[in-house]
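As structure tokens, the structure follows; a few thoughts come after it.
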Amino acid sequence: MVSNDGKLYLKKVKGKVRDLERAIDFGEIKGAGIGHTRWATHGKPTVTNAHPHTDCTESIVLVHNGIIENYEELREELASKGHVFKSDTDTEVIVHLIEDFLKEGLEKFEAVVAAMRKVDGAYAVGVIFKDEPNAIYAARRGSPLIIGVGEAENFIASDIPAVLNYTRRVVVLNDFEIAKITPDEVVVKSIFGDFVNYKVLEIQWSAQMAEKGGYPHYMLKEIHEQPSAIMDTMRGRIKDGEVFLPELDELLGEELPSRIYIVACGTSYHAGLVGKYAIEKLAKIPVEVDIASEFRYRDVVWDDRGMALLISQSGETADTLAAMHMIQRAGLKTVAVVNVLGSTMSRDADVALYTRAGPEISVASTKAFTSQLTVLYLFALWLAAKSDPRGTEVLKNILSGLAFVPQLVDTVLTAEEKIAFMAEKFASFSHFMYLGRGINWPVAMEGALKLKEISYIHAEAYPAGEMKHGPIALVDDKMPVFAIATKSRVYEKMINNIEEVLSREGRLIALISQDDRRLMNKVQDVIVMPEVAEIFSPVVNVVALQLFAYYCAIERGLDPDRPRNLAKSVTVE
Ligand code: M6R
């Protein structure tokens with residue numbers, strides 16, 4: 001929607017942003033404009049329910065990301081005052097509320113502030129008034145919203161990469177803040193109406209960093225960025241064979257936690273599972289790992305001396321944020337392992353341990369995952385050194401192995417062609433089973449998730465020892481099994497599981513270690529991984545699984561950067 005010559009030009013489309021682009025012809029844009037890709041929560045994905053929404057007089061337009069929880073009562077109240085609703089969305093109540101406050105005689109800024117005071121739930125909102133064509137009002141609570149500060153032009157967006165082509169100066173709006181943005185000015189008020197002093201951040205990412213850098217898809221670019229993302233994540237945190245995490249020194253002092261709660265969603269949850277293996281092995285501290293949407297609704301038995309790690313690429317995932325706030329209410333310290341600078345999680349946690357993966361644009365998370373693993377290894381080694389200073393020499397050795405991981409990831413990337421060939425061979429199957437054990441079981445889960453989300457092939461992941469307890473019944477020549485069988489303490493056990501599959505005429509692909517003649521002789525389709533310490537093998541192995549999923553999607557003619565039904569940041573429950 002744009003505001004031109006005192007008129008509002010509005011266009012809505014169901015489907016892809018590309019379809020909207022084709023449908024738009026606003027001519028020369030002279031005033032402000034707003035747009036939003038809706039991810040349906042209340043009301044079907046239809047043109048009527050698409051944003052922007054308008055008030056009764058069609059002179060206020062509004063876009064909203066989030067969920068308004070008290071929309072039913074507000075809708076009833078507004079309808080009883082004569083407001084007519086056009087959509088089934090929760091969003092529409094906000095625009096009618098603003099209209100109502102204007103009718104009561106409030107100024108526009110005050111009307112927006114007053115409306116935001118009445119709504120419960122999560123929102124990032126953009127509003128334009130027909131008779132003020134050069135201004136956008138923006139409000140935030142619980143959903144991400146940033147303001148890009150340009151030269152005689154300003155922007156609002158959900159995240160920083162969206163504005164990097166225009167400016168690197170960014171204001172991150174806080175929860176319960178409302179801004180008025182004109183081409184030359186940004187004014188911020190709190191929800192109580194007071195003026196707020198804000199900081200303008202200088203973003204170091206270049207615009208090019210946020211583009212595809214010559215790759216056909218962001219996902220492939222981001223897979224290839226992993227060696228440097230891992231390196232950046234380690235940078236400055238390892239000195240003289242020791243891990244330096246001063247943020248944690250300050251937060252935890254000398255007292256180590258007696259239990260660690262790790263909470264996350266999706267890929268970040270898989271990173272948490274790997275983290276559990278690493279922390280328990282190195283620091284001998286018990287770790288519980290939970291999916292955030294489950295954690296927040298279970299009766300957690302709190303360990304008062306415990307602490308929590310929240311893992312999130314975006315730092316905006318609604319369930320993980322809610323879990324974090326619940327943990328804080330229970331009085332435990334929280335550390336966010338997060339990628340996005342200035343995200344809600346990074347600001348609300350007691351400490352943010354940043355992964356330094358740079359902007360991850362592709363919906364499928366890749367470099368964020370391996371950077372999360374890197375932070376988790378550093379954290380485990382930091383804890384281990386604190387809990388047993390006598391083990392320093394051993395830890396030094398382990399740490400030197402971590403420093404070598406980026407090079408090993410590079411080696412896996414050189415196998416891209418072979419993996420693409422494997423994908424060509426297997427992409428037509430409709431089902432897959434991923435098997436792993438120990439620290440590579442979460443990697444099997446991550447491999448299956450990647451395949452499902454971008455190639456739409458049904459994939460299940462199992463700890464290989466569970467096969468006999470049910471899933472082996474599925475194995476036949478129509479359901480290939482992807483076994484992660486690199487050298488580890490459970491290597492012999494994996495071989496047994498591979499034998500079980502082969503004896504049932506199952507099709508197998510195996511990730512194996514360099515020079516593993518035994519498996520090379522048994523399994524026809526193998527991908528050879530470089531030699532790596534078992535504890536770090538997830539970082540190396542997952543790269544092959546990411547490439548496999550990517551090329552399966554390509555084989556099937558799909559766009560891996562835009563998987564159906566998925567959003568990059570899941571900012572609603
Ligand atoms: O931003 P977050 O790490 O909190 O996101 C959590 C999940 O939505 C995310 O990891 C998702 O599973 C990935 N996009 C899958 O590739």
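All ligand and atom numbering here is 1-based and tracks the order in the structure. Computed over heavy atoms, backbone and side chain alike; hydrogens, waters and symmetry mates excluded. In this text, all values refer to a predicted model and were calculated from it rather than measured experimentally.
- For ligand 1, the atoms lying closer than 4.0 Å to a non-hydrogen atom of Ser268 are 2 (P), 3 (O), 10 (O).
- Residue contacts with ligand 1, taken as heavy atom pairs separated by less than 4.0 Å, do not involve Lys568 at all.
- With Phe548 as the partner, the ring pair (Phe, Tyr, Trp, His ring centres under 6.0 Å) test is satisfied by one option alone out of Phe432, Tyr434, Phe421: Phe432.
- Nearest non-hydrogen protein atom to atom 8 (O) of ligand 1 is Val570 CG2, 3.9 Å.
- For atom 1 (O) of ligand 1, the nearest non-hydrogen atom of the protein is Ser314 OG, 2.7 Å.
- Residue contacts with ligand 1: Ser365 is placed with a nitrogen or oxygen under 3.5 Å of a nitrogen or oxygen of the ligand (distance criterion only).
- Figure legend: Arg564 and Tyr456 shown as a cation-pi pair, the cationic atom lying under 6.0 angstrom from the six-membered ring centre and within 45 degrees of its axis.
- Electrostatic pairing of Arg298 and Glu288 counts as a salt bridge here, judged by a charged N lying under 4.0 Å from a carboxylate O.
- The shortest contact between atom 10 (O) of ligand 1 and any protein heavy atom is with Thr267 N, 3.1 Å.
- Heavy atoms of Val363 come nearer than 4.0 angstrom to ligand 1 in at least one pair.
- Looking at Arg168 and Glu202, no side-chain N of the basic residue comes within less than 4.0 Å of a carboxylate O on the acidic one, giving no salt bridge.
- At a 4.0 Å cut-off, at least one heavy atom of Lys450 sits close enough to ligand 1 to count as contact.
- The salt bridge (charged side-chain N to carboxylate O under 4.0 Å, His left out) test applied to Asp348 returns no partner, not counting sequence neighbours.
- Close approach of ligand 1 to Glu453 is summarised as follows: ligand atoms under 4.0 Å from at least one heavy atom of the residue are 15 (C), 16 (O).
- Those atoms of ligand 1 that come under 4.0 Å of a heavy atom in Ser312, given as number and element, are 1 (O), 2 (P), 3 (O), 4 (O).
- Nearest protein heavy-atom contact of atom 4 (O) of ligand 1 is Thr317 OG1, 2.4 Å.
- With sequence neighbours left out, Glu250 forms a salt bridge (charged side-chain N to carboxylate O under 4.0 Å, His left out) with no residue at all.
- Taking atom 6 (C) of ligand 1 as the reference point, the nearest protein heavy-atom neighbour is Cys265 O, 3.4 Å.
- The atoms of ligand 1 that sit less than 4.0 Å from any heavy atom of Ala364 are 16 (O).
- Ile509 is not listed as a side-chain neighbour of Val526, based on a closest heavy-atom distance of 4.5 Å or more.
- Close approach of ligand 1 to Gln313 is summarised as follows: ligand atoms under 4.0 Å from at least one heavy atom of the residue are 1 (O), 2 (P), 3 (O), 4 (O).
- The side-chain contact (heavy atoms from CB on, under 4.5 Å) test with Thr486 is passed by exactly one of Asn440, Val532, Ile512: Asn440.
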- Evaluate salt bridge (Lys or Arg N to Asp or Glu O under 4.0 Å) for Asp303 paired with Arg259, printing each intermediate quantity in order. CA-CA 7 Å; Asp303 178 338; Arg259 180 172 299 271; 3.7 Å; yes

